[in-house]
Amino acid sequence: MKSMQTLKNKKDSNVRVRFAPSPTGFLHIGGARTALFNWLYAKKTGGTFILRIEDTDTARHQENTIEPIFDSLRWLGINWDEGPGKGGDYGPYRQSERTHIYQDYAQRLLDDRKAYYCFCSPEELKEKRDAAAKKGLSFKYDRKCFGIPLEESRERIKNGEPSAIRILAPDDGTIEFDDMIYGKIKVNTENLDDYVIMRSNGLPTYNFSVAVDDALMEITDVIRGEDHLSNTPKQILVYRALGFSLPGFIHLPMILGKDGSKLSKRHGAVSVGFYREEGFLEEAMVNYLALLGWSYDEKTTIFSVPELIEKFSLEGIGKKPARFDYDKLLWMNGYYIRTLPAERIKPLIEKRVRDFLENADRSRIIIKTDEISERIDRIMPLISMRIKTISESISRIYPFFISVEYNEQLKEYFKNKEISAQNVLEKTIDSIKEIGNEEDFNSSVLEEKIHKLCEDLDIGIRKLTEVLRIALWADKVSPPLFETMAILGKDETLKRLAKYLKAIDGK
RNA sequence: GGCCUGUUCGUCUAGUGGUUAGGACAGAAGGUUUUCAACCUUCAAACAGGAGUUCAAUUCUCCUACAGGCUACCA
């Protein structure tokens with residue numbers, strides 16, 4: 001292990017925190033929040049943020065299940081100072097590559113009689129557990145294998161008998177630690193049993209590997225979900241047995257689903273990747289996540305990342321579990337879409353538009369490829385305050401790029417209305433034709449024309465625009481009409497008015 | 001079942017031994033308006049329950065209820 005000196009040169013503090021996901025194929029909302037808080041704390045203190053992969057369960061983890069987690073972290077802007085792909089003086093950073101380390105430390109425990117081999121089969125244990133449950137008792141390992149002399153155990157292992165290693169939990173006494181959020185936690189050791197630290201396949205279990213790694217990686221503050229609060233005493237057993245000193249513990253309140261139960265797939269999307277695909281901005285995601293269990297003052301809800309780094313503090317973390325409120329996230333995303341500079345949002349929309357056109361009926365496309373970018377520039381101010389996600393943008397603006405079709409309902413929409421849609425369309429066409437060149441075909445000229453037309457026809461502007469809106473947009477809702485016409489251009493505008501006129505002919 | 005933890009508007013939360021208990025989302029009403037949004041104004045909305053400590057408890061203590069977590073050779 002290298003000295004801290006090299007790190008101290010790079011960092012302003014000794015704070016070392018880590019995010020330790022297990023490769024599940026995606027980054028969970030709760031995990032993202034944990035990662036964010038660790039990262040913010042590191043940034044705030046000038047400390048080091050470490051990424052460690054907890055992949056000790058080979059049965060469940062395949063290699064490619066970690067990449068999406070890296071992607072999501074990077075997307076959120078949570079980059080790590082040490083970890084996979086980054087290196088560091090405390091590696092390797094995948095637990096699957098640290099097996100020999102756990103075996104070594106387990107061996108020390110064995111030699112010190114602080115751990116012992118266990119030959120009980122999983123089936124046998126399950127039976128005992130079930131029997132205890134049936135009697136309404138809590139199961140605690142009966143130390144059946146504790147008495148087996150080490151030499152005999154080694155002999156049996158040499159003969160091929162499968163064995164696990166259990167840590168010896170003290171019979172009496174208490175484990176006590178200070179959680180920075182939840183305060184003093186005290187547990188009587190009689191509630192702890194001799195749990196397995198090394199499986200029969202030679203790999204460590206979570207509570208062992210996490211303690212060994214946090215100690216060896218010199219983690220100063222363990223920031224993780226409250227679901228680990230109950231595991232902490234078990235890990236402290238390891239720290240004690242191995243003579244490691246304790247890090248600070250900061251347990252974050254859980255994130256629950258809308259109904260108050262643990263956030264899971266049935267609550268809808270729980271992966272960060274989903275929100276990214278849905279068109280949520282990382283700014284909104286980070287801001288929202290930061291507010292789940294943390295708050296700064298009584299009024300501020302919008303925080304940029306630099307502001308979060310500046311204002312974040314462990315003291316602001318609450319202890320009450322928070323429900324994940326999709327509506328508020330949506331609102332916040334909409335807020336960022338309409339507030340952030342257009343150049344930040346435009347590429348995201350442009351990508352969606354190009355993907356959309358890629359799959360669109362070519363005969364309906366009304367725009368040249370090299371005109372898309374400029375058109376989006378003009379559309380942006382019309383929709384930025386109307387969408388809450390980027391993915392939603394397509395449904396709002398596609399008629400700017402492909403021709404419209406009217407369904408039966410729209411064709412008959414004005415059938416028995418007091419106004420004559422035919423008349424409105426014809427008069428509008430005449431009026432618009434009067435506008436000279438394309439340059440004059442702008443929203444203010446159009447607005448003037450249409451208002452004048454209303455007067456001439458003695459008809460309310462709402463009535464008139466309703467007709468035009470359906471004709472131009474094939475919908476009862478559209479971006480502001482005059483701007484829309486200007487963007488579509490004179491030809492396309494006239495084409496659509498005529499098309500709708502024809503569509504309602506005889507209706 | 002055992003152990004651990006939590007409980008302020010529907011939701012995220014601020015807050016204090018004496019406050020009109022504050023903000024944000026969502027909701028309602030109104031304004032603005034070419035639709036829809038956005039924006040502005042206003043309204044409604046909370047200290048889980050019960051004891052105790054105290055001159056005074058939402059705030060401190062205990063109990064109950066409810067909720068969540070852990071209780072695996074998962075993490």
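Remember, predicted model here, so these are calculated numbers, not experimental data. Proteins get letters first, then strands, A, B, ... in listed order; numbering begins at 1 in each.
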Which is true for P122(A) with a 4.0 Å heavy-atom rule: it touches a base, it touches only sugar-phosphate, or it touches nothing?
base

Quick check on rC36(B): is either OP1 or OP2 less than 4.0 Å from any side-chain nitrogen or oxygen of R396(A)?
no

Would you please confirm or rule out a distance under 4.0 Å between OP1 or OP2 of rC36(B) and any side-chain N or O of K476(A)?
no

Below 4.0 Å: OP1/OP2 of rC39(B) and any side-chain N or O of R338(A)
yes

If you find the nucleotide of RNA chain B closest to R469(A) and the one closest to A164(A), which residue's nucleotide is nearer the 5' end?
R469(A)

With the side chain of A322(A) defined as its heavy atoms from C-beta on, choose the nearest nucleotide among rC73(B), rG2(B), rC12(B).
rC12(B)

Quick check: does any side chain N or O of S391(A) sit under 3.5 Å from a backbone N or O of E278(A), one acting as donor and the other as acceptor?
yes

For rA46(B), which nucleotide is its Watson-Crick or G-U wobble mate, given both distances must be under 3.5 Å?
none

Euclidean distance, D221(A) CG relative to L314(A) CG, rounded to 0.5 Å:
7.0 Å

Report the distance from atom NZ of K319(A) to atom P of rC12(B), rounded to the nearest whole Å.
17 Å

For E392(A), answer base if it contacts any base atom (sugar-phosphate contacts may also be present), sugar-phosphate if it contacts only those atoms, and nothing otherwise; contact means non-hydrogen atoms under 4.0 Å.
nothing

From CG of D259(A) across to C1' of rC66(B) the rounded distance in Å is 15 Å

Starting the side chain at C-beta, find the nucleotide from rG2(B), rA75(B), rG69(B) nearest to E226(A).
rG69(B)

Between rU58(B) and rG49(B), how many Å separate the two P atoms, rounded to a whole number?
9 Å

Exercise: do D55(A) and Q95(A) side chains pair donor with acceptor under 3.5 Å
no

Taking rA51(B) as the reference, what is the distance to rA57(B) when you measure between their C1' atoms (whole Å, please)?
13 Å

Please determine, for the side chain of W331(A), which listed nucleotide (rA75(B), rC25(B), rU34(B)) has the closest atom?
rC25(B)

Think R129(A) has a side-chain N or O under 4.0 angstrom from the OP1 or OP2 of rG2(B)?
no

Can you tell me whether the side chain of K328(A) and the base of rA24(B) have a donor-acceptor pair closer than 3.5 Å?
yes

Under 4.0 Å, counting only non-hydrogen atoms across every strand here, what does F482(A) touch: a base, just sugar-phosphate, or nothing?
base

Tell me the partner of rG17(B), counting only Watson-Crick (N1-N3 plus N6-O4 or O6-N4) or G-U wobble (N1-O2 and O6-N3) with both under 3.5 Å; none if nothing fits.
none

So which nucleotide from rU5(B), rC12(B), rU71(B) ends up closest to the side chain of K234(A)?
rU71(B)

Nearest to the side chain of F139(A) - rU35(B), rU34(B), rA72(B)?
rA72(B)

Mind checking who rC3(B) pairs with, Watson-Crick or G-U wobble, both distances under 3.5 Å?
rG69(B)

Can R33(A) be said to sit on top of F37(A)'s aromatic six-ring, NZ or CZ under 6.0 Å from centre and within 45° of the ring axis?
yes

Using atom CG of L192(A) as one end and atom P of rC4(B) as the other, report the distance to the nearest whole Å.
11 Å

Between rC25(B), rU34(B), rG2(B), which nucleotide has the shortest distance from any of its atoms to the side chain of N191(A)?
rG2(B)

Using atom C1' of each nucleotide, how far apart are rG17(B) and rG52(B) to the nearest Å?
15 Å

Check for a donor-acceptor pair, side chain of N38(A) on one end and backbone N or O of T34(A) on the other, with a separation under 3.5 Å.
yes

Of the listed nucleotides rC25(B), rG22(B), rU35(B), the one nearest the side chain of S478(A)
rU35(B)

Residue closer to the 5' end of RNA chain B, C120(A) versus T300(A) (nearest nucleotide)
T300(A)

Look at all strands and tell whether H251(A) reaches a base, only sugar-phosphate, or nothing, counting heavy atoms closer than 4.0 Å.
nothing

Which nucleotide, rU5(B), rU35(B), rA75(B), lies nearest any side-chain atom of R386(A)?
rU35(B)

P atom, rC47(B) versus rC12(B): distance in rounded Å?
16 Å

Separation of rU13(B) atom C1' from Y288(A) atom OH, nearest Å, is 11 Å

Give T205(A) one of three labels, base, sugar-phosphate or nothing, depending on what nucleic acid heavy atoms sit under 4.0 Å from its own.
sugar-phosphate

Among R143(A), R166(A), K234(A), the one residue meeting salt bridge (Lys or Arg N to Asp or Glu O under 4.0 Å) with D194(A)
R143(A)

Is there a side-chain contact between T301(A) and the phosphate of rC12(B), meaning an N or O under 4.0 Å from OP1 or OP2?
no

Measuring only the P atom in each nucleotide, how far is rC36(B) from rA45(B)? A whole number of Å is fine.
29 Å

Quiz item: S230(A) side-chain donor-acceptor pair to rC3(B) base, under 3.5 Å
no

What's the CG-C1' distance between D214(A) and rA75(B), to the nearest Å?
13 Å

Watson-Crick or G-U wobble partner for rC9(B), using a 3.5 Å limit on both distances?
none

Pair N407(A), K411(A): side-chain N/O donor-acceptor within cut-off below 3.5 Å:
no

Name the pairing partner of rU54(B), where a pair is Watson-Crick or G-U wobble with both distances under 3.5 Å, or state none.
none

Please report the shortest heavy-atom distance between E190(A) and K140(A), naming the atom on each side.
O-NZ, 2.9 Å

Once you apply a heavy-atom cut-off of 4.0 Å, does G318(A) come out as touching a base, just sugar-phosphate, or nothing?
nothing

Does K320(A) make a side-chain N or O approach to OP1 or OP2 of rC12(B) shorter than 4.0 Å?
yes

Evaluate whether atom CD of E405(A) has more than 12 neighbouring non-hydrogen atoms of other residues, nucleotides or ligands under 6.0 angstrom away.
yes

Is it the case that rA75(B) (base atoms only) and N231(A) (side chain only) share a donor and an acceptor within less than 3.5 Å, ignoring hydrogens and angles?
yes

Could you tell me how far rU59(B) sits from rG68(B) if I compare only their P atoms? Round to whole Å.
24 Å

In whole Å, what separates the P atom of rA44(B) from that of rA37(B)?
25 Å

If we take the P atom in both rA28(B) and rC70(B), what is their distance in whole Å?
38 Å

What contact category does D227(A) fall into here, base, sugar-phosphate, or nothing, at under 4.0 angstrom with non-hydrogen atoms?
sugar-phosphate

With the side chain defined as heavy atoms from C-beta on, E483(A) is closest, among rU34(B), rU5(B), rA75(B), to rU34(B)

Categorize P479(A) for me: base, sugar-phosphate, or nothing, with a 4.0 angstrom heavy-atom threshold over every strand shown.
base

Within the pair K388(A) and rA38(B), is there a side-chain N or O less than 4.0 Å away from OP1 or OP2?
yes

Compare side-chain N and O positions of R462(A) against OP1 and OP2 of rU33(B) and report whether any pair is under 4.0 Å apart.
no

When every non-hydrogen atom of L246(A) is compared with those of F249(A), the smallest separation belongs to CG-CE1, 4.2 Å

Below 4.0 angstrom from OP1 or OP2 of rA14(B), is there any side-chain N or O of S295(A)?
yes

Using purine N1 to pyrimidine N3 plus N6-O4 or O6-N4 for Watson-Crick, or N1-O2 and O6-N3 for G-U wobble, each under 3.5 Å, what pairs with rU41(B)?
rA29(B)

